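Computed from a predicted structure; not experimentally measured. When reading the values below, keep in mind they use all heavy atoms of this one structure, side chains included, and skip hydrogens, waters and symmetry mates.
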2 protein chains.
Amino acid sequence: MPKDDPAFSALLRLFRSAAWLDARFSPELGSVHGLALNELLFLLQLSRAPLQRLRRVDLANRLHTSQSTITRMALPLEKSGLVKREADPRDARVAYVTLTRTGRTRIAEAEATFRRMATDLFRAGWSDRDIAQLSSLLGRFTAILPGDITE
Amino acid sequence: MPKDDPAFSALLRLFRSAAWLDARFSPELGSVHGLALNELLFLLQLSRAPLQRLRRVDLANRLHTSQSTITRMALPLEKSGLVKREADPRDARVAYVTLTRTGRTRIAEAEATFRRMATDLFRAGWSDRDIAQLSSLLGRFTAILPGDITE
DNA sequence: TAATAATCCTTGCGTCCGGAAGTATATCGG
DNA sequence: CCGATATACTTCCGGACGCAAGGATTATTA
């Protein structure tokens, strides 16, 4: 067993951090806007997409989940009017998930509180340089992936 | 909407990275050692604990999951002999989860392949300094938490 | 000491998820 | 033009999870 293995510890800490942050943010996010973290990321992808819409396959790839999960997640969002179903005139197989006007305002509000939670998270003991560095390093993973939110 | 918000993008990228790495590592890990990623982290915690054992509550806190999940996860691991149940003579409420001898060898093997996957992950375009920096920055989150694997 | 509260674990229930199978449509090769 | 293959989506099924309730044991406090 290696004495010092930065790659190993970095990976472990990444998983631990994600699990911790998920457990920490989910309750507040759900109680404030009625959205699970997954749903926020779902809507965030749509808000960044051209025409505010995405095919279900692409959404699945961007969220690293299965197509069946997208189908199920879209249903309640449609029922609450945040999202609507659209057809593609060129290809009858695809069913776009499109952000509605109310969906846009809702995700804007949720994104605002999410940003506030993010800044609060780094308030204690993090310099601006630290945060930028962490974002940059993690960006090496996400840059490869489809749907990187670079703003 | 802020033009540049490093805290926001860092948090988003952290979640995206974790989801991607989970999807990437789980299949290989499962096929090679018959262990899910959660089970690997489960056993890893035990292997680092004094006497190779932990109370179920502590295990739940370290893995950021519920007690009922620990109860259910322990069952198949007991059946395959990687883990056994132990009582505390001082407190009849606790039921330790203890790593068995076969469990020790199994987690050692799985940890080895996990380390190899970790180094492979950073092979392209990452300097040793980058990896150490990422590990250090993420360590600020995990250092607060119980069960930090610092080796 | 006795009642109350706190802790540890398990079980039941509802929810969410991934993979396989099924349906519909599009594309490719002859 | 037509069969074969590929793609997009949905549905079904089994597994994994969190929460709330319950049972057992320990700690606290009057």
[X] [atom1] to [N] [atom2]: how many Å, rounded?
{"X": "A/Gln67", "N": "D/dT7", "atom1": "CD", "atom2": "C1'", "value": "9 Å"}
{"X": "A/Asp88", "N": "D/dT7", "atom1": "CG", "atom2": "P", "value": "17 Å"}
{"X": "A/Glu86", "N": "D/dA8", "atom1": "CD", "atom2": "P", "value": "18 Å"}
{"X": "A/Leu37", "N": "D/dG18", "atom1": "CG", "atom2": "C1'", "value": "16 Å"}
{"X": "A/Leu75", "N": "D/dC9", "atom1": "CG", "atom2": "P", "value": "14 Å"}
{"X": "A/Met73", "N": "C/dG18", "atom1": "CE", "atom2": "C1'", "value": "14 Å"}
{"X": "B/Arg56", "N": "C/dC8", "atom1": "CZ", "atom2": "C1'", "value": "10 Å"}
{"X": "A/Leu59", "N": "D/dT10", "atom1": "CG", "atom2": "C1'", "value": "16 Å"}

Let's see if you can work this out: which of [options] has an atom nearest to the side-chain heavy atoms of [X]?
{"X": "A/Ser68", "options": "C/dC9, D/dC12, D/dC19", "value": "D/dC12"}
{"X": "A/Val94", "options": "D/dA8, D/dC13, C/dC8", "value": "D/dA8"}
{"X": "B/Thr69", "options": "D/dC13, D/dC9, D/dC17", "value": "D/dC17"}
{"X": "A/Ala95", "options": "C/dG18, D/dC9, D/dC17", "value": "D/dC9"}

Comparing B/Arg72 and B/Asp58 on DNA chain C - which has the more 5′ nearest nucleotide: B/Asp58
A/Tyr96 vs B/Asn38, nearer the 5' end of DNA chain D by closest nucleotide: A/Tyr96
Could you tell me which non-hydrogen atom of [X] sits nearest to which non-hydrogen atom of [Y], and how far apart they are?
{"X": "A/Trp126", "Y": "B/Leu137", "value": "CH2-O, 3.3 Å"}
{"X": "B/Leu14", "Y": "A/Ser17", "value": "CD2-CB, 4.2 Å"}
{"X": "A/Ile131", "Y": "B/Ala10", "value": "O-CB, 4.4 Å"}

Salt bridge present between A/Arg55 and A/Asp88 (N-O < 4.0 angstrom):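 Salt bridge between A/Arg55 and A/Asp88, a charged N being under 4.0 Å from a carboxylate O: no.
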Check ion pair B/Arg48-B/Glu111 (N to O, under 4.0 angstrom):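 Yes, B/Arg48 and B/Glu111 are salt-bridged.
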Cluster overlap A/Leu41 with A/Leu59, hydrophobic side-chain contacts below 4.5 Å: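 Result: yes, single cluster for both.
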Any B/Arg85 side-chain N or O less than 4.0 Å from OP1/OP2 of C/dT10: yes
Side-chain N,O (B/Thr71) to OP1/OP2 (C/dT11) below 4.0 Å: no
B/S/- contact track for nucleotides 23-28 of chain D, protein heavy atom under 4.0 Å: --BS--
Touch class at under 4.0 angstrom, heavy-atom based, for B/Arg55 against every strand present: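 Sugar-phosphate: the residue B/Arg55, judged by heavy atoms under 4.0 Å, touches backbone atoms but no base.
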A/Leu77 vs A/Val97 side-chain heavy atoms within contact, under 4.5 Å: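 Not in contact.
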